[in-house]
Amino acid sequence: MAAAAETPLTGVAWAAAPEAAPAGWTVITVTVEGAPANLGKGFGHKGGGYLCVSGGGAQAAPGPVVTDVQVLSDRSPQPAGYTRAPEFPEPRTGVSRKKRVYVKLLQLDTAETAVFDIKLSSKSKALPHYMKIGEIGSFAIWCKKGPVLKSSPQPIPKPRTIAAGLKQLSLQHPDSDQKAAPLRFLKHFSLLFPAMDGVPFTLHPKFERKLSSGSNAILADLHVKSLADIEKEYNYAFVVERTAAARLPPSVC
């Protein structure tokens with residue numbers, strides 16, 4: 001009897017004897033009641049025959065999987081989309097079969113449901129969670145179907161966006177004229193003016209060297225404009241600088 005499958009079956013076949021099944025195939029040798037599962041003369045061999053399955057292990061094998069199994073009489077036409085179950089060894093030409101097994105195979109990524117297990121029982125037995133697909137000789141054949149679980153694709157991280165609150169922390173003023181104003185008046189002076197009143201300005205290194213040598217002649221013609229003069233001349237209110245200074249901790253100011 002085949003063990004309970006964790007992944008879909010990949011094939012269903014006949015075997016003239018348990019030792020006739022190739023490697024990778026599991027022969028169903030007993031019924032759910034524990035009786036021998038030899039299908040007898042209905043298989044067409046003197047020694048009878050056995051159903052066998054492939055796949056159904058702990059890890060899904062690549063390739064197609066069994067999505068349906070049908071047991072039909074030899075007079076019924078082959079269903080569309082189904083293939084006849086193979087036989088081990090290959091059947092002799094002209095051998096009659098009272099019953100035939102047909103299998104439908106689909107690729108794993110396109111299959112929605114699949115067959116996970118096959119069991120045999122006596123005709124009077126009912127198997128919960130299994131579907132009866134036919135009878136051969138004195139046996140009933142059951143299959144267990146279920147949905148195909150497919151691996152989810154890796155999530156794609158969403159692009160990060162700057163929240164409105166973070167945008168307000170920008171020191172840039174929306175007025176383009178005020179952006180350019182500091183650049184215009186800084187071209188005319190070698191002094192770095194303070195961002196707020198009360199913060200001392202820094203002299204250009206050229207002037208510092210002159211002062212350190214004891215000569216202040218270079219400052220004779222230098223006129224330092226006040227913050228109010230700059231605001232009036234360049235129409236620049238130092239909004240960005242005042243905003244930045246206001247956010248600095250007291251220890252920095």
Side-chain angles (χ1 to χ4, degrees), residues 1-16 18 20-40 42-43 48-74 76-88 97-156:
M1 179 175 60
E6 298 180 11
T7 56
L9 299 179
T10 57
V12 179
W14 293 96
W25 289 82
T26 301
V27 180
I28 305 175
T29 58
V30 294
T31 66
V32 294
E33 298 95 345
N38 191 327
L39 297 175
F43 182 66
Y50 299 83
L51 279 178
C52 55
V53 296
S54 64
Q59 185 175 1
V65 296
V66 179
T67 58
D68 193 30
V69 181
Q70 292 190 22
V71 179
L72 303 175
S73 68
D74 56 354
S76 299
Q78 179 172 328
Y82 289 72
T83 58
R84 188 171 175 177
E87 300 181 15
F88 310 121
R97 297 284 186 273
K98 294 182 180 181
K99 292 292 180 71
R100 294 177 179 175
V101 177
Y102 294 95
V103 180
K104 186 175 184 179
L105 299 172
L106 287 176
Q107 292 296 325
L108 183 62
D109 57 352
T110 60
E112 298 295 333
T113 59
V115 177
F116 288 79
D117 193 21
I118 288 182
K119 294 183 182 295
L120 273 69
S121 73
S122 61
K123 291 183 178 181
S124 59
K125 181 75 173 180
L127 297 185
H129 310 298
Y130 280 73
M131 180 178 65
K132 186 176 181 180
I133 58 176
E135 297 178 353
I136 297 180
S138 59
F139 301 100
I141 303 177
W142 306 80
C143 78
K144 183 179 182 181
K145 286 187 176 183
V148 176
L149 300 179
K150 301 175 183 179
S151 57
S152 302
Q154 292 294 331
I156 300 176

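For the numbers below, each heavy atom of this structure counts, side chains included, while hydrogens, waters and symmetry mates do not.
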Side chain Gln70, main chain Pro79, donor-acceptor under 3.5 Å: no
Nearest-0.5 Å distance, CD of residue Glu33 to CZ of residue Phe139: 9.0 Å
Check: Gly24 main-chain N/O paired with Ser54 side-chain donor or acceptor under 3.5 Å: no
Set of residues satisfying side-chain contact (heavy atoms from CB on, under 4.5 Å) with respect to Ala114, sequence neighbours excluded: Pro8, Val65, Phe116, Val148
Pairing residues for Lys132 by the salt bridge (Lys or Arg N to Asp or Glu O under 4.0 Å) criterion, not counting sequence neighbours: Glu135
Test applied, side-chain contact (heavy atoms from CB on, under 4.5 Å); reference residue, Cys52; option that passes from Ile118, Thr29, Val27: Val27
Heavy-atom closest contact (Lys104 atom, Gly81 atom, distance): CG-O, 3.6 Å
Heavy-atom pair of closest approach, residues Ala85 and Val12: CB-O, 3.4 Å
Side chain Lys119, main chain Ala140, donor-acceptor under 3.5 Å: no
Reported CG-to-CG distance for the pair Leu105 and Leu108, which is rounded to 0.5 angstrom: 12.0 Å
Exam field: side chain Ser121 to backbone Val32, donor-acceptor pair closer than 3.5 Å: no
Full working for side chain to side chain contact (heavy atoms under 4.5 Å, CB included) between Tyr50 and Asn38: CA-CA 6 Å; Tyr50 299 83; Asn38 191 327; 3.4 Å; yes
Any donor-acceptor N/O pair, Asp74 side chain to Lys99 backbone, under 3.5 Å: no
Atom pair OH (Tyr130) and CD1 (Ile141), whose distance is rounded to the nearest 0.5 Å: 14.0 Å
Sole residue of Thr113, Asp117, Asp68, Thr67 in side chain to side chain donor-acceptor pair (under 3.5 Å) with Lys145: Asp68
Stepwise side chain to side chain contact (heavy atoms under 4.5 Å, CB included) test for Ile136 and Leu120: CA-CA 10 Å; Ile136 297 180; Leu120 273 69; over 6 Å; no
Rounded distance (nearest 0.5 Å) linking atom CZ of Arg84 with atom CD of Gln78: 8.5 Å
Any side-chain heavy-atom pair of Val101 and Ile133 under 4.5 Å: no
